[in-house]
Amino acid sequence: MKIATYNVNGVNGRLPVLLRWLKEAKPDIACLQELKTSDEKFPEQSLKEIGYSSIWHGQKSWNGVAILTKDGYEVEEIEKGLPGDPEDVQSRYIEAKINGVIIACLYLPNGNPAPGSKFDYKMTWFKRLLTKAGRLIKLNLPVVLVGDYNVVPTEMDAHKPERWVNDAVFFPEPRAAFQKLLKQGWIDAIRELYPDQKMFTYWDYFGNAFKRDAGIRMDHFLLSPDLGKRLIAGGIDKHVRAWEKTSDHAPVWIEISGK
DNA sequence: ATGGCATCGTGTCGATGA
């Protein structure tokens, strides 16, 4: 089973790129972030026409997450919105059970400018995620905690770490929180497959960042321990970042053995 | 220290992102 994640940065503006990538990559499950659309304007029909069913948690203009599945899979929606703060109106979390696997699709707050209130929100959200992740891993079920974490875990995950030291994605606090997730037992799938390689999932639009390969790795697949044993392949669809009208992120995918 | 570039909305610029 192939599972992918893609921060589309506007699902309607990006629709041609999204459809082209789906037809090419053919993931069984695709988790999307930064839909930037209200629920009403989610392009359900266009995705249906190429064989994907969707569940989504949208929000006008900002944020938004979705889980797409190839027709034929049964999707049991579990939750929209991350628990822990009823006042939080931002759409950044959606969870479903598909084919016996719990898929938690998330878009962690960026947190810039840091320090400040947005950074505080990032860390509060991260603490709620740690609580949620701790509960999920205790279920002893196959779980995928996947999406745009807005965290560059280590220096190896940045082309030029110095460029990011004043950015919330590279601040010590979110990096420490990411390490806490790993300590819970989650496996960073891409790092597991490529322990020594610089692997990027995001490149700035400006300064020819993609051509210079001046990227960072912020989109992550965290796998529950049992799923980690079923990990057989994974990668980054870097070529998609070179397409016309493309997102600043590239899709990331993994292949899990079994049904 | 800043901007670079791109998205969305009801706009022709501001807010947001990273």
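On a predicted model such as this, the values are computed, not experimentally measured, just so you know. When reading the values below, keep in mind they use all heavy atoms of this one structure, side chains included, and skip hydrogens, waters and symmetry mates. Below, chains carry the letters A, B, ... as their sequence lines are ordered, and counting in each starts from 1.
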Practice item. Examine distances only and state if a side-chain atom of K2(A) and a backbone atom of A25(A) form a donor-acceptor pair shorter than 3.5 Å. Key: yes
Point to revise | Whole-Å gap separating P (dG9(B)) and CD (Q59(A)) | key: 11 Å
Check your understanding: Considering only the P atoms, how many Å lie between dT10(B) and dC5(B), rounded to the nearest integer?
Key -> 27 Å
Practice item. Rounded to whole angstrom, note down the C1' distance from dC13(B) over to dA1(B). Key: 24 Å
Review point. Considering only side-chain heavy atoms of D167(A), which listed nucleotide, dA18(B), dC8(B), dG4(B), is closest?
Key: dA18(B)
Review point. Which whole-number value in Å describes the distance from D204(A) CG to dT2(B) C1'?
Key: 14 Å
Exercise for review: Find the distance W203(A):CH2 to dA6(B):P and express it as a whole number of Å.
Suggested key: 16 Å
Exercise for review: Identify whether any heavy atom of F170(A) sits under 4.0 Å from a base atom; if not, whether one sits that close to sugar-phosphate; answer base, sugar-phosphate or nothing.
Suggested key: nothing
**Study point:** Salt-bridge contact K198(A)-D213(A) (side-chain N to carboxylate O under 4.0 Å)
**Key:** no
Check your understanding: Out of dA15(B), dG17(B), dA18(B), which has the shortest distance to the side chain of R92(A)?
Key -> dG17(B)
Check your understanding: dA6(B) base stacked by Y205(A)? Criteria: ring centres under 5.5 Å, plane angle under 30°.
Key -> no
Exercise for review: Report yes if at least one side-chain N or O of K60(A) is closer than 4.0 Å to OP1 or OP2 of dT10(B); otherwise report no.
Suggested key: yes
Check your understanding: Do NZ/NE/NH1/NH2 and the carboxylate oxygens of R217(A) and D188(A) come within less than 4.0 Å?
Key -> yes
**Study point:** 5' priority, DNA chain B, between G13(A) and N7(A) [closest heavy atom]
**Key:** G13(A)
Point to revise | Earlier contact from the 5' end, DNA chain B, for W164(A) and T37(A) | key: T37(A)
Review point. Tell me: CG of N110(A) to P of dT16(B), nearest whole Å?
Key: 12 Å
Review point. So, do F170(A) and W164(A) have ring centers that fall under 6.0 Å from each other?
Key: no
Practice item. Give one of base, sugar-phosphate or nothing for D248(A), where a contact means two heavy atoms less than 4.0 Å apart. Key: nothing
**Study point:** Length of the line joining D219(A):CG and dG17(B):C1', which is rounded to integer Å
**Key:** 13 Å
Practice item. Measure the distance from CG on N166(A) to P on dT2(B) and round it to the nearest whole Å. Key: 11 Å
**Study point:** Nearest listed nucleotide, side chain of K118(A), among dG4(B), dG17(B), dA18(B)
**Key:** dG17(B)
Revision key, fill the gap. Quick note, S61(A) side chain, CB onward, closest among dC8(B), dG4(B), dA18(B) is dC8(B)
Check your understanding: Between E74(A) and K97(A), is there a salt bridge with N-O shorter than 4.0 Å?
Key -> no
Point to revise | P-based separation of dA6(B) from dT2(B) [nearest Å] | key: 22 Å
**Study point:** Interatomic distance, N208(A) CG vs dG3(B) P [rounded to whole Å]
**Key:** 20 Å
Point to revise | N/O (side chain, K41(A)) to phosphate O (OP1/OP2, dC8(B)) under 4.0 Å | key: no
Exercise for review: Determine the contact category for N63(A): base if any of its heavy atoms lies under 4.0 Å from a base atom, sugar-phosphate if only primed atoms, P, OP1 or OP2 are that close, otherwise nothing.
Suggested key: nothing
Check your understanding: OP1 or OP2 of dA6(B) less than 4.0 angstrom from a side-chain nitrogen or oxygen of N9(A), does that happen here?
Key -> no
**Study point:** Rounded interatomic separation in angstrom, taking CG from N12(A) and P from dT7(B)
**Key:** 12 Å
Point to revise | Side chain of R14(A) - closest among dC8(B), dG4(B), dA6(B) | key: dA6(B)
**Study point:** Proximity to the side chain of F206(A) - top-ranked nucleotide from dT16(B), dA18(B), dG4(B)
**Key:** dG4(B)
**Study point:** Student check: side-chain heavy atoms of F210(A) and K238(A) closer than 4.5 Å
**Key:** yes
